[in-house]
Every structure is written in C-alpha cells, then in structure tokens.
Amino acid sequence: MERYPNISDHGLIGDLQTAALVTTDGSIDFFCCPRFDSPSVFCSLLDADKGGYFSIKPATDSYVTRQLYLPNTAILITRFMTPDGVGEVQDFMPIIEGGPTDRHRLVRQVRVARGQMQFVIDLQPRFDFGRASHTVDVTDVGAAFCTAGGMELTLHTAGRRDVNRGGVAPEQVGGGLRATITLREGETGGVVLESMGGEPRAIAPEELQRLVDDTTSYWKAWMNRSTYTGRWREMVVRSAMTLKLMTYQPSGAPVAAATLGLPEQAGGERNWDYRFTWIRDGSLTMHALANLGYMDEAARFGAWMRDRITEGGAGNGTSPLKIMYRVDGSSDLTEEILEDFEGWRGSTPVRVGNAAADQLQLDIYGEGMDAIMAGDQAGVPIAYEGWLALTKIMDWVADNWDQPDEGIWETRGGRKNFTYGRVQCWVALDRAIKLAQRHGRPANVAKWAAARDALYNQIMTSGWNEKVKAFTQHYDTQVLDSSLLFMPIEDFISATDPRWLSTLDGMNKELVSDSLVYRYNPAASPDGLHGEEGTFSLCTFLYVDALARAGRLDDAVLTFEKMFTYGNHLGLFSEEIDSTGGQLGNFPQAFTHLALINSAITLNRELDNREGKIVPVLASAAR
C-alpha cells in the first residue's frame, strides 16, 4: 500500500465510545482515546511519519488482501492470501454499555485457515497527534506505554507463549515494538491493546474467544431489533450499524464522522474536524435509526437534545443553541492547527477542533425540534422545565428568524439570507406548535403561528427566483443549492408542486453530474475558501428521495443503484466523491449513511405503492 492509503481502503470498528480505522492491509492508522474527540494514539492517516500506527500483516510482501465484516456484526476480518497459506486478522472493540471510561480495548485475533503464515506485529503509538512523549516497557508477555500526562497503553498477548510454537516475541523498536507470530492451519493467537490496562499479561485463548463471542452476540442482537424488511436491506443495515458505531453510548450523541482532517479536495484546505455532535447531523441520524425501529437510540438523543435546550433556554446569548457540541454536551471546540502534520497526501492545514461552532446557523432549530419530536414519539416526553426552556427558544426563533446566517454548509464567506435556514425555522415553529397542541402545553402558539406563516410567505416569494424558475440558495442569488432537497421531506412543499418540480429540474441541469450531486457551485457562490470539492454524497441520496417522491421511480432506482458503486468494499461512504470515483472527506460520514437509509425507506415505500403493496406501506406508516 502506498504511503497514504485511499480513504476508502478502510473498515471501521468501535466500542460505542470511540472508534478506529483499519486499512485493507491490516494497519490501524486512526484511533483516538478515550473518546471520539480525544487526542490520537494512532494517526498515520494524517502524517505517515509522526502519526503512529498498529500493523499486523504477513512477513512477506507477496500477498493478496481482502476485507469483510463478519455477517451482521462490526467485527472486521482482513484476509491475507499467499502461496504458502491463508491467514486472517479479526479486529474489533468489545462493547462498553455503561458510563464513560478510560479503559478501551482493541482486540486483534490472528488465525490461519490454510497452510502456514508468519505475521509481523508493528506497534508504534504516537500520543496526542505526536506531540506527547512516552516511555516504553517491554516484557515477555507484552508492553506498557506511558505519557507524562497520565495516558497509559498496555499490550497483552494472547495464544501460545512458546515462541518456537507460534508465540509472540515482542522487542522494542524506537518508541514502539515489533513482534512476530507464526501459525499453522487451525491455530489462533493475537494481541489486545488496552488503554489504562495495567501490567501486561498473557491472555488465555478461551478468554480471547469469549470477547469474540460476546461482541458477536451484541451486534447480532442489535441488528435483530431492526424492523426494516424492505429492499436493499444489506446496505441499509450496514449503514445503521455504522451510525451506531459513531454514537457515544453514555450520552446518546452521534458524531458527524469518525475522523478529522480528511480533505474535500486532495491537497486542498477544506479539511475539518468532524468528531463532534452537530444538532443537525444528530437529529437526522436519530430519525434514520428511528425509521428502522431503533427507538431507544432516538429517545436517548432526544434526552441529550433536551439538555441542550434547557441550557439554551436559560442563557442570554445571541443564539440559544450552539450548532455543535462535544459528545458530553460541552461546547469548547477551540480550533487549532497541527503545524507539523503533513496531512493526508499533503492536504493542509490539519485542524483539531472546529471554529464553525460559533457560527449562526438558523437551520439547527428545525432539525433540533425534529429530534425533540422523535424523542416524544419514542415515549420520552419533554419534562416541565425542559418545556419552559423550549418555549423560550421558540420565542427567540419567532423574534429572530428574519436575519442572515452562515448556512448549513458552514461556509466562511459571510452571512446571507439562506433559504434553507428559513425553511428550517418554519419547521421549528411548525413542530413546536404541534407538540404544544398534542400535549396541551402552555405556549405562545399565536405568536409562533404568525411567525411560521410569515416565514412561509417570505420563502415562497423571496426564496423563489422567477428568472431561473427555482428556489435558490439565498435571496440575492440565482445559484441553486441541493440543501433545498429537504423541502418536500420536511413537508414544507408538496413533492409534486409545480414550483418544486421546476426546482428539481433546475438542480438536475446545474448540480447533477452522471447521477452524482454537488452541494452548490462555489465559483458562482464564493464561500470564502480556496479550491474545489467533489460531489456531496448526502445530496445524491437526497436527490434519490426527491425523485421518488416526485414519482420518477425509475430514475430514482438507477441513481440509487449507481451510488452504491461508489461505496467501498464494505459499503462505507465518506463525505464526497471525486471526479474519478474516489472517496473524499472525513470517513465514515454519518450524513451519507443516514441519507442512504432514509432514501431507501422512501424509495421502497414508493415502489410498493406503485406495485399495489398496500399492507406493508400501512404497517410502515403505523410504526
């Protein structure tokens, strides 16, 4: 594999508090600990020399590799095939269902299915993006790594201890270690890397197998909770599992992506840290999971959202809610640049933290209210104090919706009257009114309704551009924006309204390239950043949804099926697709996978309608 692997050449593993990426040649090149948004332990994906990695692969370079998930689990299998044998590395993280912890385990089980194979284990941690020094203590059963800041990492060995019969023989190499393990057909071994794991120890094969069995059982039981029985089930359930892997179990908050710094253009500056919880992304993620029957996840995020709303309702800031938070609900996302990091294939700067956290993005109130509604529908109604805070925030929306903002795409080109932000303000007020009426709660419904109606009238006049016969990105442009594909999804406009169909036709001409969809045209609408970007995978799946709702089912099916060809070998997607079909941006991307799920549900429903399958449609609606 070249110095920097393709973004798509990775699988994802995790324990519901953090996650790791594993390349197709058996290297863990991205892992932050103890949380998704913590400093790194391995980050060679962003700097091959300074980032650190954990590799297990054959001692020979003459091998062919394949990668797959153990069916219906998040256990990743990397297979190596040589003339002398076939070997496998099974990578996973045992699930942690309790509260936050500093103890996390990366399990790497090695086995040989045919013949004989010698594996080389190369462990080179580099803490805090290579900025923290550490000590190394190698023993005959593993090693311990310690930083001055208190971070500890322990390597335990599993399997035979007899080196002559396949045991692991570690030795220190620089700031890490190197070991070899030789196995014959049917034999297994492996290692467990544990944070804050104490002294190295030998792990019995039976204990290692229990970890495999317990993790397998967890994921299969979780998958069996899905109520989805429609078409494309394999892609849908893999996307659902990916969203689950990127959800922080202690709080119920999903991160936007597992990584930071992967670029929207190779060598460009559009490189961001996505290891945080956006109000927008989190809301849409939980809707996708709820649509598959995962109501517990929706309820947990609804509770997290209620906490943010309660905090916002008590504040005196210009905007009651931040657009993003850390997974624990804190809001310190100070952005810094890793000056010494090379970046993936020279893509700099590499940013940690996210300065967009302080932007004004009015659309979050609509998506946030949808999350509150999802929690309410899952049987977790908002409590008294939360409702009082919510009414204050909705009063703020009713008073402050008519102002420019930075918009959904977090551009750094200044505030504008973005149409999408106005649409979502309409959604916020509309959902708040319905929630108040459903439960008979006290609220200034008349004020909210007046603002909602004013929003609708303004969008239909100022958001609509008569010259281009379409709804446009903001009120002072003729540029189209694919975020507006949400308009029929949110029931702002009928999917067959002439104005909407005209807008859809306009997007097809200006933003669609061989079924792939751009967010907008940066050249026509400067966003304050240099360079170009690829097509946006979220938008392509939104386009599928819009086509299906508009009755263009054959076009929708073809576009949907084409999009699958851009996923990687495991069905995982990043944020964007480049001109040659390669993946760009942080990986995996929650936005993309939630949109895949929702568009599959919509398309499946519309196909059933066309085929006269009434009962499944009604059953789906009842859920």
Side-chain angles (χ1 to χ4, degrees), residues 14-19 34-38 95-101 222 240 242-258 274-292 294-315 317 319-333 354 357 361 363-394 397 424 427-428 431-432 435 590-591 593-594:
D15 64 6
L16 309 186
Q17 293 192 17
T18 187
R35 296 193 325 201
F36 294 105
D37 56 354
S38 296
I95 299 301
I96 301 173
E97 294 191 86
T101 178
W222 189 83
T242 302
L243 295 179
K244 179 66 172 177
L245 279 168
M246 295 193 293
T247 300
Y248 185 64
Q249 179 71 19
S251 68
V255 295
Y274 278 9
R275 300 170 301 146
F276 309 115
T277 301
W278 271 251
I279 297 293
R280 174 189 311 113
D281 301 44
S283 171
L284 296 172
T285 293
M286 290 307 116
H287 270 295
L289 290 176
N291 286 338
L292 299 179
Y294 293 107
M295 302 308 293
D296 289 346
E297 283 75 7
R300 287 179 61 78
F301 182 70
W304 184 90
M305 267 299 306
R306 283 192 295 275
D307 289 342
R308 307 290 79 75
I309 284 175
T310 300
E311 295 164 359
S319 178
L321 294 178
K322 296 277 190 179
I323 69 167
M324 70 181 92
Y325 298 83
R326 292 189 180 274
V327 290
D328 62 359
S330 60
S331 57
D332 179 14
L333 280 72
N354 201 309
Q361 296 180 18
D363 65 278
I364 65 170
Y365 294 98
E367 292 126 359
M369 275 306 307
D370 262 356
I372 294 297
M373 286 284 286
D376 184 77
Q377 292 167 350
V380 187
I382 190 166
Y384 174 71
E385 290 80 5
W387 177 257
L388 293 181
L390 178 64
T391 60
K392 293 178 182 178
I393 290 179
M394 289 301 102
V397 173
Q424 286 294 345
V427 171
R431 304 309 190 259
L435 200 59
F591 244 172
H593 286 279
L594 68 89

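- With values rounded to the nearest 0.5 angstrom, Trp304 atom CH2 is found 11.5 Å from Thr247 atom OG1.
- Summarising the geometry, atom CZ belonging to Phe36 is positioned 7.0 Å from atom CG belonging to Leu16; distances are rounded to the nearest 0.5 Å.
- Side-chain atoms of Tyr365 and Pro320, non-hydrogen and from C-beta on, do get closer than 4.5 Å to each other.
- Taking the side chain as every heavy atom from C-beta outward, Phe591 and Leu284 approach each other to under 4.5 Å.
- For the atom pair CZ (Phe301) and OG1 (Thr277), the distance works out to 7.0 Å, reported to the nearest 0.5 Å.
- Put simply, the side chain of Pro34 does not reach to within 4.5 Å of the side chain of Gln17, judged on heavy atoms.
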*Could you go step by step and tell me if Ser251 and Tyr325 meet the side chain to side chain donor-acceptor pair (under 3.5 Å) rule?*
CA-CA 12 Å; Ser251 68; Tyr325 298 83; over 6 Å; no
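- Judged by distance alone, the side chain of Arg275 and the main-chain N or O of Arg35 form no donor-acceptor pair under 3.5 Å.
- Between Leu388 and Thr310, the closest side-chain pair of non-hydrogen atoms is not below 4.5 Å.
- Residues passing the side chain to side chain donor-acceptor pair (under 3.5 Å) test with Arg300: none are found, sequence neighbours excluded.
- For residues 377-387, no residue pair satisfies the salt bridge (charged side-chain N to carboxylate O under 4.0 Å, His left out) rule, not counting sequence neighbours.
- A salt bridge is defined here as a Lys NZ or Arg NE, NH1 or NH2 lying under 4.0 Å from an Asp or Glu carboxylate O, and Asp363 with Arg280 meets this definition.
- Taking both residues in full, the closest heavy atoms of Thr285 and Ala590 are given as OG1-CB, 4.0 Å, listed atom of the first, atom of the second, then distance.
- Counting only heavy atoms from C-beta outward, the side chains of Phe276 and Asp37 approach each other to under 4.5 Å.
- Note that CE of Met369 and CD1 of Ile393 are 9.5 Å apart. Values are rounded to the nearest 0.5 Å.
- Annotation: side chain to side chain contact (heavy atoms under 4.5 Å, CB included) contacts of Ala357 (sequence neighbours excluded): Met324, Leu333.
- In this structure, Asp307 has no side chain to side chain donor-acceptor pair (under 3.5 Å) partners at least two apart in sequence or on a different chain.
- Applying the side chain to side chain donor-acceptor pair (under 3.5 Å) criterion to Trp278, with sequence neighbours excluded, gives Glu410.
- The side chain to side chain donor-acceptor pair (under 3.5 Å) search around Arg308 returns Glu311, not counting sequence neighbours.
- Pairing each heavy atom of Trp222 with each of Ala240, the nearest pair is CH2-O, 3.5 Å.
- Counting heavy atoms from C-beta on, the side chains of Ile372 and Ile309 come closer than 4.5 Å.
- Rounding to the nearest 0.5 Å places CG of Asp370 at 10.0 Å from CE of Met305.
- With rounding to the nearest 0.5 angstrom, the OH atom of Tyr248 is 9.5 Å from the OG1 atom of Thr18.
- Contact check for Leu289 versus Met286: side-chain heavy atoms found under the 4.5 Å cut-off.
- Arg326 and Asp328 are not joined by a salt bridge, as no carboxylate oxygen comes within less than 4.0 angstrom of a charged side-chain nitrogen.
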